[in-house]
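Index from 1, following the sequence.
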Amino acid sequence: MVPTAAHHEKIPLSHTLAVEATCALSAAALVAPIITIIDRAIFLNASGTQPLVQGVLSGFKSLLTQPATFLRQPANLFMFAVYGGTYITANTIQSICDYEGWDWFYPKFIGTSAANVALCVAKDVYFTRWFGSGAARPVPWSSYSLYTTRDCLTVFASFNLPPLLSMHMQEKLGLTKKQGDVSAQLITPCAVQLVSTPMHLAGIDLYNRPTATTPERANFIKREYVKSTGARIGRIFAAFGIGGVANQHFRVEGHSLLRRWHGSV
C-alpha cells in the first residue's frame, strides 16, 4: 500500500515526488510503443490508407526489427510525453493530498483529466494530420470537442472508478485487495471504450470527410465500430490497464524503498 500522511516527519515531500515522477516515466516508457502502434493503425484505417490489422502488424514489425528508429520517431515520443505527463499528474496529486491528509478523489480526477485531455487532444491533432487523408489542414473544432469528451470518460474510468469497483468486488466477490485493485484497473478503462469509440471515429471522420452527411458518417462509424473498439480496448488496456498496474506497482516499491532509506516503519 502506498503510504499516506503518517510519513510526513521522516520522508520529505520532495523525495516522494521525485519517486512518483520516476515511477510515472518508467510506466510510460513501458507502454508508449504499444499504444503508438495501435493508435497509428486506427488513424490509418479510418483514413482508408491501410487496413487495421496490417497497420498493427507493420508497427510491431518496425518495433522489433528497428527498435531504435521506432522509439525515436515523433509519434512514439509524443505518446511517451502524453502518458508520462498523465501518470506524473495523477501520482503527484495523490501524493500531495495524502501528505496533507486531504481526500484525493476529486482533485485527482480534475487534475488528471486536465492533463490527459490536453495532452491527448494535442497528440490526436498531430496524428490526425500525420495519418489522415489528403493534405494537412486545420482540425475542426467539432473533432476537438469529441476528443475531449472521449478523454474525460477514459480518465474517469481509469483513475477514479477502479478504487470504487475494487471495493465492490472485494465485498461482493470475496477478492483480496490486490486482486480487486488489479481486476478493476484492467476492467474499467476497457469497458468505457464501448461508449467512447464512436466519438473517436466521428472526430477522425470529421477531418477526413468534412462534407460527409450525417447518414454517411453514421454508416462509417457502424462499419468501423467493432474492429476499432477492439483496437481501442487494446490500446487502453496498455495505457491504463498495464500502464496503470505498472505505475501502481512501481509506486508501492518506490515508497517502500523510501521508507527503508529514511528508516520509517
Novice: Do the side-chain N and O atoms of S256 and R260 include a donor-acceptor pair separated by under 3.5 angstrom?
Specialist: yes
Novice: Kindly indicate whether a cation-pi arrangement holds for R137 with Y207, taking the cut-offs as under 6.0 Å to the six-membered ring centre and within 45° of the axis.
Specialist: yes
Novice: Counting N and O atoms only, with roles assigned by atom type, does the side chain of R209 sit under 3.5 Å from a partner on the main chain of E216, one being a donor and the other an acceptor?
Specialist: yes
Novice: Decide whether I236 and L153 are clustered together by the hydrophobic rule: side chain heavy atoms of Ile, Leu, Val, Met, Phe, Trp, Tyr closer than 4.5 Å, transitively.
Specialist: no
Novice: Show the numbers, then the answer: is there a side chain to side chain contact (heavy atoms under 4.5 Å, CB included) between F220 and E224?
Specialist: CA-CA 6 Å; F220 165 77; E224 300 295 335; 3.6 Å; yes
Novice: If you measure from CD1 on I110 to CD1 on I93, what distance do you get to the nearest 0.5 Å?
Specialist: 9.0 Å
Novice: Within the 4.5 Å heavy-atom criterion, are Q94 and D98 side-chain neighbours or not?
Specialist: yes
Novice: Rounded to the nearest 0.5 Å, how far does CE of M167 lie from CG of L165?
Specialist: 9.5 Å
Novice: Cluster question for you: counting only ILVMFWY and a side-chain heavy-atom cut-off of under 4.5 Å, with indirect links fine, are M169 and L186 together?
Specialist: no
Novice: Quick one: closest heavy-atom pair of G84 and A28, and the distance?
Specialist: N-CB, 3.4 Å
Novice: Would L201 and D205 count as a side chain to side chain contact (heavy atoms under 4.5 Å, CB included) here? Give the steps.
Specialist: CA-CA 6 Å; L201 290 173; D205 198 48; over 6 Å; no
Novice: What class does the angle between the rings of F43 and F131 fall in, given that below 30° is parallel, 30 to 60° is tilted and above 60° is perpendicular?
Specialist: tilted
Novice: Are L71 and F80 close enough, and set up right, to give a side chain to side chain contact (heavy atoms under 4.5 Å, CB included), and what steps lead you there?
Specialist: CA-CA 10 Å; L71 295 175; F80 172 74; over 6 Å; no
Novice: When you compare the side chains of N45 and Q50, does any donor N or O come within less than 3.5 Å of an acceptor on the partner?
Specialist: no
Novice: Minimum heavy-atom separation for A41 to G55, with atom names?
Specialist: CB-C, 3.8 Å
Novice: Do V53 and Y225 sit in the same hydrophobic cluster, where Ile, Leu, Val, Met, Phe, Trp and Tyr count as joined when their side-chain heavy atoms come under 4.5 Å apart?
Specialist: no
Novice: Nearest 0.5 Å, please: how far is CD1 in I34 from CZ in F60?
Specialist: 5.5 Å
Novice: Indicate, with yes or no, if L30 and I35 share a hydrophobic cluster defined by side-chain heavy-atom contacts under 4.5 Å among Ile, Leu, Val, Met, Phe, Trp and Tyr.
Specialist: yes
Novice: Should R251 and E20 count as side-chain neighbours, where that means a heavy-atom distance under 4.5 Å?
Specialist: yes
Novice: Can you find a side-chain donor-acceptor pair between T112 and Y87 that sits under 3.5 Å?
Specialist: no
Novice: Give a yes or no on whether V117 and F109 share a hydrophobic cluster (residues Ile, Leu, Val, Met, Phe, Trp, Tyr; joining criterion: side-chain heavy atoms under 4.5 Å apart).
Specialist: yes
Novice: Taking atom types as modelled and ignoring hydrogens, do the side chains of S166 and D181 form a donor-acceptor contact shorter than 3.5 angstrom?
Specialist: yes
Novice: State, with a plain yes or no, whether a side-chain heavy atom of Q73 is found less than 4.5 Å away from one of Q66.
Specialist: no
Novice: Could you report the tightest heavy-atom contact between S95 and T16, atom names first, then the distance?
Specialist: OG-CG2, 3.6 Å
Novice: Taking atom OH of Y106 as the centre, report whether more than 12 heavy atoms of other residues, nucleotides or ligands fall under 6.0 Å from it.
Specialist: no
Novice: May I have the step-by-step check of salt bridge (charged side-chain N to carboxylate O under 4.0 Å, His left out) for D103 and K108, ending in yes or no?
Specialist: CA-CA 9 Å; D103 181 4; K108 184 176 180 179; over 6 Å; no
Novice: Using a 3.5 Å distance criterion without hydrogens, assess whether the side chain of S143 forms a donor-acceptor pair with backbone atoms of V139.
Specialist: no
Novice: Measuring from M199:CE to I204:CD1, what's the distance to the nearest 0.5 Å?
Specialist: 14.0 Å
Novice: Can you tell me if Q193 and H200 form a side-chain donor-acceptor pair at under 3.5 Å?
Specialist: no
Novice: Count the heavy atoms belonging to other residues, nucleotides or ligands that lie under 6.0 Å from OH of Y126, then report whether that count exceeds 12.
Specialist: no
Novice: List the atom of T188, the atom of A157, and the distance in Å for their closest heavy-atom pair.
Specialist: OG1-O, 2.5 Å
Novice: Output the distance between atom CD (Q170) and atom OG1 (T176), rounded to the nearest 0.5 Å.
Specialist: 7.0 Å
Novice: With the side chain counted from C-beta on, respond yes when S58 and R40 share a heavy-atom pair under 4.5 Å apart, and no when they do not.
Specialist: yes
Novice: Answer whether the closest heavy-atom distance between the side chains of Y83 and C120 falls below 4.5 Å.
Specialist: yes
Novice: Parallel, tilted or perpendicular: which fits the ring planes of F78 and W130, with parallel below 30° and perpendicular above 60°?
Specialist: perpendicular
Novice: Given the rule in the side chain to side chain contact (heavy atoms under 4.5 Å, CB included) test, do L206 and R217 qualify, once you have shown the distances and angles that lead to the verdict?
Specialist: CA-CA 8 Å; L206 283 163; R217 219 174 292 288; 3.6 Å; yes
Novice: What closest approach, in Å, do F70 and G59 show between heavy atoms, and which atom pair accounts for it?
Specialist: CE1-O, 4.0 Å
Novice: What is the distance from atom OG of S26 to atom CG of N247, rounded to the nearest 0.5 Å?
Specialist: 9.0 Å
Novice: Less than 4.5 Å apart, any side-chain heavy atom of Y147 and any of T128?
Specialist: yes
Novice: Considering the options N91, L257, L258, which one meets the side-chain contact (heavy atoms from CB on, under 4.5 Å) requirement together with V19?
Specialist: L258
Novice: Restricting to non-hydrogen atoms, name the atom on L52 and the atom on A231 that form the minimum distance, rounded to 0.1 Å.
Specialist: CD2-CB, 3.9 Å
Novice: Any salt bridge linking K123 with D151? Criterion: basic side-chain nitrogen under 4.0 Å from a carboxylate oxygen.
Specialist: no
